[in-house]
Amino acid sequence: EVQLVESGGGSVQAGGSLRLSCTASGFTFDDSDMGWYRRVPGNGCDVVSQIWNNGNTFYVDPVKGRFTISQDNAKNTVYLQMNSLKPEDTAVYYCAADRRPPLVPSPCALTDFRYWGQGTQVTVSS
């Protein structure tokens, strides 16, 4: 059974930092592209960052220079280091893995990745 378990969310003041972790099991982590998405209440999910299995990375413009995605293959874990947080970063953050369409509806209702975590809340106060 594939599992993605996110952790590290919480409440911080603007300018603060958080590091999200997503620990994976049930598939070959080293071979998988990974992604982080977020959903603001009342909106759909948006991509935040992705990392390919060759190490290439992508960041959406609003987080460039503030967020860093990385992965530790020995720990089957992908991280999202979030610095200089802003109130507009407040959202539920989801980890995703395996760049194929999902077999069941995803929490984000997207088809970019097959496997999704349950999400972790990040709240940034001004």
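For the pair Arg39 (side chain) and Pro107 (backbone), a donor-acceptor distance under 3.5 Å is present. Listed for the Ser106 side chain is a donor-acceptor partner under 3.5 Å among the backbone atoms of Ala109. Judged by distance alone, with hydrogens and angles left aside, the side-chain atoms of Thr120 form a donor-acceptor pair with the main-chain N or O of Gly9 at under 3.5 Å.
Using a 3.5 Å distance cut-off with no hydrogens or angles, the side chains of Ser21 and Thr77 do not pair a donor with an acceptor. For the residue pair Ser32 / Asp98, no side-chain donor-acceptor distance below 3.5 Å is found, with atom types taken as modelled.
The minimum heavy-atom distance linking Gly119 with Val92 is given by the pair CA-CG1, 3.9 Å. Minimum heavy-atom separation, Pro87 to Ala14: CD-CB, 4.1 Å. The two residues Val47 and Phe58 come nearest to each other via the heavy atoms CG1-CE2, 4.0 Å. Minimum heavy-atom separation, Thr90 to Val124: OG1-N, 2.8 Å. Heavy atoms only, all atoms of each residue included: Asn54 and Asn56 are closest at OD1-N, 2.9 Å.
Within a 6.0 Å radius of CD in Gln118, no more than 12 heavy atoms belonging to other residues, nucleotides or ligands are found.
Glu6 CD to Cys95 SG: the interatomic distance, rounded to the nearest 0.5 Å, is 5.5 Å. Once rounded to the nearest 0.5 Å, the distance linking CE of Met34 with CG of Leu4 reads 5.5 Å. In this structure, CG in Asp33 is found 4.5 Å from CZ in Arg99, a value given to the nearest 0.5 Å. Put simply, CD1 on Ile69 and CD on Gln81 are 12.0 Å apart, with the number rounded to the nearest 0.5 Å. Phe67 contributes atom CZ, which lies 10.5 Å from atom OH of Tyr59 (distance to the nearest 0.5 angstrom). The CG atom of Asn53 lies 9.0 Å from the CG atom of Asp30; values are rounded to the nearest 0.5 Å.
You'll find the side chain of Tyr115 stays beyond 4.5 Å of the side chain of Pro102, heavy atoms only. With contacts defined as side-chain heavy-atom distances shorter than 4.5 Å, the pair Arg114/Leu103 qualifies. For the pair Val2/Ser25, no side-chain contact is recorded, criterion being any heavy-atom separation below 4.5 Å from C-beta on. In this structure, the side chains of Phe29 and Gln71 come closer than 4.5 Å at one or more pairs of heavy atoms. The shortest side-chain heavy-atom distance between Val40 and Glu88 does not fall under the 4.5 Å cut-off. Residues Asn83 and Leu18 form no side-chain contact, since every pair of their non-hydrogen atoms from C-beta on lies 4.5 Å or further apart. Side-chain atoms of Val78 and Trp36, non-hydrogen and from C-beta on, do get closer than 4.5 Å to each other. Gln50 is not listed as a side-chain neighbour of Thr57, based on a closest heavy-atom distance of 4.5 Å or more.
Outside the 6.0 Å centre-distance limit, the rings of Tyr37 and Tyr93 are not counted as a close aromatic pair.
Taking hydrophobic clusters as Ile, Leu, Val, Met, Phe, Trp and Tyr residues chained together by side-chain heavy-atom distances below 4.5 Å, Val60 does not share a cluster with Tyr79.
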In sequence, state the C-alpha distance, the side-chain angles, and the governing distance for Lys86 and Arg66, and then conclude on side-chain contact (heavy atoms from CB on, under 4.5 Å).
CA-CA 10 Å; Lys86 303 176 180 180; Arg66 300 189 297 122; 3.8 Å; yes
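Across Asp46, Asp89, Asn43, a single residue satisfies side chain to side chain donor-acceptor pair (under 3.5 Å) together with Arg38, and that is Asp89.
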